Amino acid sequence: MADPRNRPAELWPLVHAERAALATDLTHLTDEQWSTRSLCSELSVREVLAHLTSAANLTGLRWFAGVVRCRFDFDKQVAMRLAEQLGDSPAETLQRFRRAVTSTTKPPLPVLAMLGETIVHGEDIRQPLGIHHESPITTLTRVAEYYRSTDQVVVARKRVEGLRLVATDGPFTAGEGPLVSGRTLALIMAMTGRATSCAELHGDGVSALRERSPRT
């Protein structure tokens with residue numbers, strides 16, 4: 001039976017709250033800060049924000065049309081949609097994101113994946129800028145449970161296979177094997193390939209998790 005907590009009507013307000021918090025956090029960035037490299041590959045924090053905006057404006061039909069246009073090169077499709085939302089200045093990038101805060105439009109993904117993307121990419125932006133944000137532990141726990149059981153958007157389930165994950169600030173636990181423990185947010189970031197978050201984690205399984213993460 002599906003978890004009633006993961007119904008769209010329950011999840012969209014969480015997505016909207018996380019988007020609104022991120023928009024507020026980015027209100028007074030300088031141009032130099034907007035150009036800061038994010039935790040997400042080679043993208044700047046401004047480009048990651050444009051990526052979040054694109055996801056909030058992309059229907060399943062437009063997503064598929066873009067995939068066909070890019071000849072099933074999914075990375076090319078992501079870059080194309082990001083460029084559509086970047087705008088001519090950081091102020092326009094942020095304005096476009098603000099307009100998307102309450103959107104319920106999405107690609108062919110579960111709403112829980114949209115929540116996970118918002119939290120993870122929010123940290124891809126915040127952490128290099130030294131911005132601290134506290135998401136509700138109930139929200140983070142849902143996202144951690146999602147990622148530990150799927151490779152749908154990003155390889156996460158395979159990355160933590162054979163490891164025991166234990167949150168120190170909430171109820172999240174998963175898996176069997178060498179221990180990886182720490183804050184729920186750090187576990188989420190490490191599960192989704194952010195190797196820098198492994199520095200916050202403890203246990204015999206941390207080195208294995210770090211080895212399974214992309215080099216940055």
Side-chain angles (χ1 to χ4, degrees), residues 1-7 10-11 14-15 18 21-22 37-43 45 48 51-52 55 74-75 78 106-216:
M1 174 182 279
D3 189 334
R5 299 175 306 158
N6 293 336
R7 292 177 299 191
E10 300 292 326
L11 293 174
L14 306 183
V15 177
E18 292 296 328
L22 181 58
R37 181 183 174 185
S38 74
L39 299 183
C40 188
S41 186
E42 299 297 322
L43 300 181
V45 297
V48 175
H51 171 64
L52 283 173
F74 295 98
D75 289 338
V78 169
K106 65 180 184 65
L109 294 170
V111 182
L112 192 50
M114 298 293 287
L115 179 60
E117 287 270 287
T118 306
I119 287 175
V120 170
H121 286 320
E123 289 303 303
D124 286 337
I125 291 170
R126 288 186 178 102
Q127 289 186 17
L129 295 172
I131 297 173
H132 180 72
H133 170 67
E134 288 282 349
S135 299
I137 193 62
T138 52
T139 299
L140 293 176
T141 299
R142 290 188 195 188
V143 171
E145 290 171 347
Y146 168 72
Y147 280 126
R148 62 86 49 184
S149 62
T150 185
D151 294 318
Q152 183 176 29
V153 178
V154 62
V155 173
R157 180 183 60 82
K158 290 179 182 177
R159 184 170 284 120
V160 298
E161 191 172 15
L163 300 174
R164 182 163 68 96
L165 310 178
V166 177
T168 56
D169 60 347
F172 173 69
T173 60
E176 297 291 337
L179 175 67
V180 178
S181 69
R183 295 185 305 127
T184 309
L185 180 59
L187 290 170
I188 290 170
M189 297 301 286
M191 272 192 275
T192 55
R194 279 66 178 175
T196 54
S197 291
C198 290
E200 298 183 48
L201 303 175
H202 307 279
D204 294 339
V206 174
S207 59
L209 182 55
R210 184 182 290 109
E211 285 297 314
R212 298 174 188 178
S213 300
R215 296 292 183 267
T216 56

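Predicted, not measured: the structure shown is a model, and the values here were computed from it.
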Does [X] reach the main-chain N or O of [Y] with its side chain, forming a donor-acceptor pair under 3.5 Å?
X: Lys158; Y: Glu161; answer: no
X: Asp124; Y: Val48; answer: no
X: Arg148; Y: Tyr146; answer: no
X: Thr150; Y: Tyr147; answer: no
X: Arg159; Y: Arg212; answer: yes
X: Thr192; Y: Ile188; answer: yes

Which heavy atom in [X] sits nearest to a heavy atom in [Y], and how many Å separate them?
X: Leu109; Y: Ala113; result: CB-CB, 4.1 Å
X: Leu163; Y: Val180; result: CD1-CG2, 4.2 Å
X: Glu117; Y: Val153; result: OE2-CG1, 3.4 Å
X: Pro178; Y: Gly162; result: CD-O, 3.2 Å
X: Ala190; Y: Ser213; result: O-OG, 4.1 Å
X: Asp169; Y: Thr184; result: OD1-OG1, 2.7 Å

When you compare the side chains of Glu18 and His133, does any donor N or O come within less than 3.5 Å of an acceptor on the partner?
yes

Go through the side-chain N and O atoms of Glu123 and His121 and say whether any donor and acceptor fall under 3.5 Å apart.
no

Tell me, do [X] and [Y] make a side-chain contact under 4.5 Å, heavy atoms counted?
X: Leu185; Y: Ser135; answer: no
X: Val120; Y: Arg194; answer: yes
X: Gln127; Y: Met189; answer: yes
X: Thr138; Y: Thr141; answer: no
X: Leu187; Y: Leu201; answer: yes
X: Leu165; Y: Leu179; answer: no
X: Arg126; Y: Val45; answer: no

Leu39 and Thr196: side-chain contact (heavy atoms from CB on, under 4.5 Å), yes or no, with the steps?
CA-CA 9 Å; Leu39 299 183; Thr196 54; 4.3 Å; yes

Distance from [X] atom [atom1] to [Y] atom [atom2], nearest 0.5 Å?
X: Ser181; Y: His202; atom1: OG; atom2: NE2; answer: 6.0 Å
X: Glu134; Y: Leu140; atom1: CD; atom2: CG; answer: 8.5 Å
X: Ile125; Y: Leu52; atom1: CD1; atom2: CG; answer: 5.5 Å

Is the shortest distance from a Lys or Arg side-chain nitrogen in Glu10 or Arg7 to a carboxylate oxygen in the other one below 4.0 Å?
yes

Start with the C-alpha distance between Val166 and Arg164, add both sets of side-chain angles, then the distance that settles side-chain contact (heavy atoms from CB on, under 4.5 Å), and finish with yes or no.
CA-CA 7 Å; Val166 177; Arg164 182 163 68 96; 3.6 Å; yes

Please lay out, stage by stage, how Met191 and Leu209 fare under the test side-chain contact (heavy atoms from CB on, under 4.5 Å).
CA-CA 8 Å; Met191 272 192 275; Leu209 182 55; 5.8 Å; no

